[in-house]
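For reference, the structure is listed below as C-alpha cells.
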Amino acid sequence: MPRDIPTEEKSVRERGTYANDGNDPTVASYLSSLFFVLSVPTLVTAAYAGYWMGLYSESAVVPAFAGLLIGSLAAVFAVMHYRTGR
C-alpha cells in the first residue's frame, strides 16, 4: 500500500505542484474556461441589445438574460453529450 501522507522531505504544496497525474490542459478545458469567463458578459450585452433594439421593455431584460443563460447552458450540455457519446 503506498504511503499517501505528507512526509518531512516534501510539503503538501510541493506534492500537489509537482504531481504528474496526466491532467494536462486540453482544448476542451480551454474552451470550457473561455465559456465560463465570457458567457455572462456576452449574455448581459445580448439581453440589453434586445431592449435597445425595442424588442421588449426594460423590465423584461432580466427574464431575457435568464432565458439566454438557460438556453446557452442547454446548448453546451447538448454539445458535450454529443461529443462524448454519453
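Reckoned from all heavy atoms, side chains included, excluding hydrogens, waters and symmetry mates. Just so you know, these numbers come straight off a predicted model, no measurement behind them.
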Review point. What do you reckon, is CZ of Phe65 surrounded by more than 12 foreign heavy atoms closer than 6.0 Å?
Key: yes
Check for me, please, whether [X] and [Y] land in the same ILVMFWY cluster - side-chain distances under 4.5 Å, paths through other members count.
X: Val79; Y: Phe77; answer: no
X: Ile70; Y: Val62; answer: no
X: Leu34; Y: Val76; answer: no

Point to revise | Summary of side-chain hydrogen bond (donor to acceptor under 3.5 Å, both in side chains) pairs that have at least one residue in residues 53-67, sequence neighbours excluded | key: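 Passing the test, one end in residues 53-67: Ser57-Ser59.
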Exercise for review: If a pair satisfies side-chain hydrogen bond (donor to acceptor under 3.5 Å, both in side chains) and one of its residues is in residues 60-76, list it, with sequence neighbours excluded.
Suggested key: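 side-chain hydrogen bond (donor to acceptor under 3.5 Å, both in side chains) check on residues 60-76 returns no pairs.
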Show me the donor-acceptor pairs, under 3.5 Å and distance only, between side chains in residues 36-49 and residues at least two apart or in other chains.
residue	atom	partner	partner atom	Å
Ser39	OG	Phe35	O	3.0
Thr42	OG1	Leu38	O	2.7
Thr45	OG1	Pro41	O	2.8

Point to revise | Nearest-0.5 Å distance that lies between atom CG in Leu73 and atom CE in Met80 | key: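 Going from the CG atom of Leu73 to the CE atom of Met80 covers 10.0 Å.
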